[in-house]
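Presented below is the structure to which this report refers.
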Amino acid sequence: MIHIGFSFLATAAIMVAALYPTIAFHELAHSTAAFMLDCKANWYETDMSPFLYRSFGGDIDYGCLRNKGAYALAIVDGAGPIS
């Protein structure tokens, strides 16, 4: 019984360990795209949550992106899945 519990916890830990860098690069792609459009101060600061589901590309100025047009929003939003 204890072996099954440990196996589950070990599997869950491996899954989170594999998922965390994936999400980190995903958010970094959003951040870099916004930086290249001059709508973010730097490319390397992101808001990564240890719970993963509350992670963001950092302080992206969405007002700046809206002023640049729909293409700018599409580039920043699309940059995450491309990474």
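All values below come from the heavy atoms of this structure, side chains included, with hydrogens, waters and symmetry mates left out.
- Annotation for D59: atom CG does not count as buried by contact number, only 12 or fewer foreign heavy atoms lying within 6.0 Å.
- Residues satisfying the side chain to side chain contact (heavy atoms under 4.5 Å, CB included) criterion with T32, sequence neighbours excluded, are L28, M36, W43.
- Closest non-hydrogen pair, A29 versus A79, comes out as CB-O, 3.2 Å.
- Between the OH atom of Y20 and the OG atom of S49 there is a distance of 7.5 Å, given to the nearest 0.5 Å.
- Linking ILVMFWY residues whenever their side-chain heavy atoms come closer than 4.5 Å, directly or via other members, leaves M15 and L19 in distinct clusters.
- Y44 is connected to F25 through a chain of hydrophobic side-chain contacts under 4.5 Å among Ile, Leu, Val, Met, Phe, Trp and Tyr, so both are in one cluster.
- Clustering of Ile, Leu, Val, Met, Phe, Trp and Tyr side chains at separations under 4.5 Å places Y71 together with L37, I60, Y62, L65, L73, I75, V76.
- With sequence neighbours excluded, no residue satisfies side chain to side chain contact (heavy atoms under 4.5 Å, CB included) with D38.
- Residue pairs that meet the disulfide bond (SG atoms under 2.5 Å apart) test with at least one member in residues 32-81, sequence neighbours left out, are C39-C64.
- Annotation: the span from T46 atom OG1 to K40 atom NZ amounts to 7.5 Å, rounded to 0.5 Å.
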